[in-house]
Amino acid sequence: MPESNRLLEPILDWYAGNARDLPWRAPGASPWSILVSEIMLQQTPVVRVLPVWTEWMERWPTPASLARESPGEAVRHWGRLGYPRRALNLHACARAITERHGGEVPTGHDALLALPGVGEYTAAAVASFAFKGRHAVLDTNVRRVLARAVSGQEYPPKATTPPERRLAASLLPDADRAPVWAVAVMELGALVCTARAARCADCPISDLCAWRLAGKPAHDGPARRGQTYAGTDRQCRGRLLAVLRQAHGAVPKDALDVVWDDAPQRERALDGLVTDGLAEVLDDGTYRLPG
DNA sequence: CAAGCGTGGGC
DNA sequence: TGCCCAAGCTT
């Protein structure tokens with residue numbers, strides 16, 4: 001028997017009084033709406049997801065309704081959420097679900113994992129939140145809470161490690177409480193145990209937290225990230241795709257050329273968009289979202 | 001497996 | 001102001 005989880009009750013109690021009222025957590029939220037929310041939330045803050053998710057749910061309330069559209073429509077209505085390949089992934093999910101799963105989001109972790117754009121985290125999240133399965137749900141929030149509370153480190157490793165998975169698995173409560181435990185730890189990381197300026201005064205497990213008890217030592221080791229954005233291919237792709245999104249119909253190449261000066265980089269980025277299925281070249285040399 | 005992939009907001 | 005970060009996935 002694993003040692004009992006002393007974090008469980010304080011975190012569940014805290015969640016009961018502090019959970020945000022997010023629409024994909026409503027009792028009637030469909031598995032599809034939860035899957036859409038999880039893909040949209042990958043690397044993207046809740047406040048930016050909310051309006052897009054709402055529009056998508058009105059427009060495409062079921063996998064079948066999205067599957068009937070062209071992939072380009074998904075990209076267009078993705079707006080400025082970022083990482084637009086996720087729109088293609090969701091469109092491909094919709095088609096896979098209608099073709100292989102009778103139009104219903106699959107309930108099992110493995111079947112979810114086989115869907116495009118669904119990785120270890122998203123499969124566990126949907127299996128847990130939509131179908132009330134018992135899974136360790138390890139997102140950046142949970143990893144940070146466990147790193148601090150249990151391991152005494154300010155930040156988790158850059159990539160998820162086997163010890164982290166073992167720890168998360170060992171903390172899983174019984175099947176009845178596993179889903180709420182998963183969402184509660186995530187919420188604690190999102191609202192209290194934040195990456196910067198952790199609000200330890202509001203934390204329900206501050207008296208158990210190894211990191212706080214150690215005096216909140218600063219992260220040792222190299223700086224964790226260093227990605228500039230200005231001038232990158234990513235920025236260029238974003239500019240080009242914005243033109244295609246806002247135009248309805250084909251766009252002459254001139255209209256793309258004007259948004260980025262560096263021609264070789266622009267061509268490379270445009271080729272990349274086509275390769276990735278985010279844009280199409282027509283016979284007359286014009287460009288558009290994928291049809 | 002490290003790198004690439006968007007975008008906007010907070011400090 | 002620039003840097004860091006936000007419910008990751010894929011190759």
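Predicted model, so just to flag it, every value in this text is computed and none were measured. Convention: sequence-line order gives letters A, B, ...; per-chain numbering from 1. Computed from heavy atoms alone, side chains included, the values below leave out hydrogens, waters and symmetry copies.
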Taking dC5(C), dC5(B), dA6(C) as options, the one with an atom nearest any side-chain atom of R144(A) is dA6(C)
What integer number of Å spans the C1' atoms of dC5(C) and dG6(B)? 13 Å
Measure distances between side-chain N and O atoms of T44(A) and base N and O atoms of dG6(B), and say whether any donor-acceptor pair falls under 3.5 Å. yes
Give me the distance, rounded to whole Å, that separates dC1(B) from dC5(B) when you measure between the C1' atoms they each carry. 16 Å
Return the nearest nucleotide to the side chain of L41(A); candidates are dG10(B), dA7(C), dG6(B). dA7(C)
Rounded to the nearest angstrom, tell me the gap between atom CD1 in I39(A) and atom C1' in dC5(B). 15 Å
Quick check on contacts: within residues 236-246 of chain A, what sits under 4.0 Å from DNA chain B by heavy-atom distance? R237(A), G238(A), R245(A)
Looking at every strand, decide which applies to T140(A) at a 4.0 Å heavy-atom threshold: base, sugar-phosphate, or nothing. sugar-phosphate
Nearest to the side chain of Y83(A), heavy atoms from C-beta on, is which of dC5(B), dA7(C), dC9(C)? dC5(B)
Any N or O donor-acceptor pair linking the side chain of R48(A) to the base of dT7(B) at under 3.5 Å? yes
Is a donor-acceptor contact shorter than 3.5 angstrom present between the side chain of R234(A) and the base of dG6(B)? yes
Is any side-chain nitrogen or oxygen of R80(A) closer than 4.0 Å to OP1 or OP2 of dG8(B)? yes
